[in-house]
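Everything numeric in this text was worked out from a predicted model, so none of it was measured.
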Amino acid sequence: MESKKDGKIETGYYCIEKKDDSPFFQYILFSQKNRKMTLIYLRGDFPPSQLEEELHKLKDLFIKVNNKRIKLS
């Protein structure tokens, strides 16, 4: 999945080919905004069709305070 703005990729996520004997999927998440690039490597036992749901769960666990991320219990 990719999201483009003015013809340039702004965000995207990509699934790396899964090895047949591994129960895990691997993902690369990409974001580039305001001359700042973020790359995230993610590994999990969920298929690509479930990636967005899993990302929403992760997002709910963190909050930013004064530009610092803190984990909520």
Below 4.5 Å, heavy atoms only, C-beta onward: do [X] and [Y] meet side chain to side chain?
X	Y	value
F30	Y14	yes
F24	K18	no
L51	Y13	yes
Q32	T38	no
T11	L29	no

Checklist entry - Can I28 and L42 be said to form a side-chain contact (heavy atoms from CB on, under 4.5 Å), step by step? => result CA-CA 6 Å; I28 300 290; L42 184 65; over 6 Å; no
Next on the checklist: I want to know whether Y27 and F46 have ring centres closer than 6.0 Å.
Outcome noted: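 Yes; F46 has its ring centre under 6.0 Å from that of Y27.
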Checklist entry - I9 and M1: same hydrophobic cluster, using ILVMFWY side-chain contacts below 4.5 Å? => result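 No, separate clusters.
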Checklist entry - Are I40 and F25 connected in the hydrophobic side-chain network, where two residues link if heavy atoms are under 4.5 Å apart? => result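 In one cluster with I40: F25, yes.
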Checklist entry - What's the spacing between R43 CZ and I16 CD1 if we round to 0.5 Å? => result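 So the CZ of R43 and the CD1 of I16 are separated by 11.0 Å.
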Checklist entry - Rounded to the nearest 0.5 Å, how far apart are NZ of K8 and OG of S3? => result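 These two atoms lie 14.5 Å from each other.
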Item to check | Heavy atoms of other groups near E2 CD, more than 12 under 6.0 Å | outcome: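 Counting other residues, nucleotides and ligands, CD of E2 exceeds 12 neighbours.
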